Amino acid sequence: MLRKMMKTAIAVSLLGVMFSATAQRTPVRVYSALEADQVKAYKEAAEKAIPDVEVQFVRDSTGVMTAKLIAEKANPQADMVWGLAATSLMVLEADGLLQGYTPKGVEKLNPRFVDSKKPTEWVGMDVWAATICFNTVEAAKRNIPKPETWKDLTKPIYKGQITMPHPASSGTGFLDVTGWLQTFGEVEGWKYMDALHENVAQYVHSGSKPCRQAGAGEFVIGISFEYRANATKASGAPVDLVFPKEGLGWDMEAAAILKGTKKLEAAKKVMDFAVSKEANDLYAKSYAITAYPGTAKPLPNVPA
């Protein structure tokens, strides 16, 4: 009986220690457009490096997250962003929503990834770019050729075979539009999109869904981005990655602290981690270009 009571007392004591340790962790609410399968690894790595902080990710597509942040300006609900388009952060910066903070170790990054303000208001992580997912099996069944250029997608043979992200909600969709306008020029860019629209079967909420749809054989072509395309191919889906010859729309993922956060010191720790070599090693698992020199590695199916 005595032994049983001692075991119970020890168990209760250990439980108390665990609750105490959890209670001491400061929760930091992070808005993000990272992919769901990236968030888990980033959260675990950050919490391991910063044991007194709990990283609470809230994720959605880039356009949705950007609109949410602007709508919450008067009453911020997040402490920081981690994994949102740099173009979105420039909008937030211009609107006075970002808290200046120069993270420890930022001087080790490629300076092109770092906001020029002093103190820094946002810091880049990696670059992602547009990619076409092409289902080889479905294409063969329908005798549809692999496209090599963006303009190929306006040919009649692709009518109803294309899905792409909506530029109003998806950062990938937005970089597609800006990429086309910069590549073809204002007038020809809109003409191109009018012609492409005739062949698009579906516009979707996120940048990754079109590649998933193409991978599942719902459509022959999904306009997406290289991380999702690469991951879809690696999962065994019969897709080829196509990088159109005219060039690719691209954007940078970045992190920043939001003005008005009540968890400023904890958010600074997360920012310090976000610019670290350890974090960039994680980014390099998904993207061919990273902020920390030397961390990027060759990725299968992605041109050097």
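Values in this document were obtained by computation on a predicted structure and should not be read as measured data.
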Review point. Under 4.5 Å between any side-chain heavy atoms of Arg29 and Lys263, yes or no?
Key: no

**Study point:** Minimum side-chain heavy-atom gap Leu264-Tyr101 below 4.5 Å
**Key:** no

Exercise for review: Any pair with a residue in residues 236-304 that passes disulfide bond (SG atoms under 2.5 Å apart), sequence neighbours left out, goes on the list, sorted by first then second residue, please.
Suggested key: none

Practice item. Would you please name every residue forming a side-chain hydrogen bond (donor to acceptor under 3.5 Å, both in side chains) with Lys245, sequence neighbours left out? Key: Glu148

Check your understanding: About how many Å separate OG of Ser224 and CZ of Arg212, when rounded to the nearest 0.5 Å?
Key -> 8.5 Å

Practice item. Report yes if the side chains of Ile223 and Trp150 come closer than 4.5 Å at any heavy-atom pair, otherwise no. Key: yes

Point to revise | Remaining members of the apolar cluster that contains Val64, side-chain heavy atoms under 4.5 Å | key: none

Revision key, fill the gap. With sequence neighbours left out, the residues meeting side chain to side chain contact (heavy atoms under 4.5 Å, CB included) with His197 are Tyr203

**Study point:** 4.5 Å side-chain heavy-atom contact, Val106 and Pro103
**Key:** yes

**Study point:** Side chain to side chain, Asp60 and Lys68, heavy atoms closer than 4.5 Å
**Key:** no

Check your understanding: Cationic tip of Lys48 within the cone over Phe273's six-membered ring, i.e. under 6.0 Å and within 45° of the normal?
Key -> no

Check your understanding: What are the two closest heavy atoms between Asn230 and Leu241, and how far apart are they?
Key -> N-CD2, 4.0 Å

Point to revise | Results of salt bridge (Lys or Arg N to Asp or Glu O under 4.0 Å) for Glu47 - residues two or more places apart only | key: Arg25, Lys43

Check your understanding: Taking atom types as modelled and ignoring hydrogens, do the side chains of Gln213 and Gln202 form a donor-acceptor contact shorter than 3.5 angstrom?
Key -> yes

Check your understanding: Taking the hydrophobic residues Ile, Leu, Val, Met, Phe, Trp and Tyr, and joining any pair whose side-chain heavy atoms are under 4.5 Å apart, which ones share a cluster with Val204?
Key -> none

Practice item. Give the other cluster members for Tyr227, using side-chain heavy-atom distances under 4.5 Å between Ile, Leu, Val, Met, Phe, Trp and Tyr residues; answer none if it is isolated. Key: Trp128, Leu175, Phe225, Tyr287

Review point. Ring pair (Phe, Tyr, Trp, His ring centres under 6.0 Å) with Tyr42: which residues, sequence neighbours excluded?
Key: Trp82, Tyr283

**Study point:** Within residues 184-302 or reaching into it, pairs that qualify as disulfide bond (SG atoms under 2.5 Å apart) - sequence neighbours excluded
**Key:** Cys133-Cys211

Check your understanding: Thr261 and Gln99: side-chain donor and acceptor closer than 3.5 Å?
Key -> no

Revision key, fill the gap. Hits for salt bridge (Lys or Arg N to Asp or Glu O under 4.0 Å) against Lys269, two or more places apart or cross-chain, chain-then-number order -> Asp52

Check your understanding: Going by atom types alone, do Thr290 and Thr295 pair a side-chain donor with an acceptor below 3.5 Å?
Key -> yes

Exercise for review: Name all residues meeting the salt bridge (Lys or Arg N to Asp or Glu O under 4.0 Å) criterion together with Lys259; count only those two or more places apart in sequence or in a different chain, and write none if there are none.
Suggested key: none

Exercise for review: Considering only Ile, Leu, Val, Met, Phe, Trp and Tyr, and joining two whenever side-chain heavy atoms are under 4.5 Å apart, list the other residues clustered with Leu84.
Suggested key: Tyr31, Val58, Met65, Leu69, Ile70, Val81, Leu89, Met90, Val91, Leu92, Leu97, Leu98, Phe113, Trp122, Val127, Trp250, Met252, Leu258, Ile289

Check your understanding: With a 4.5 Å limit on heavy-atom distance, are the side chains of Val177 and Met193 in contact?
Key -> yes

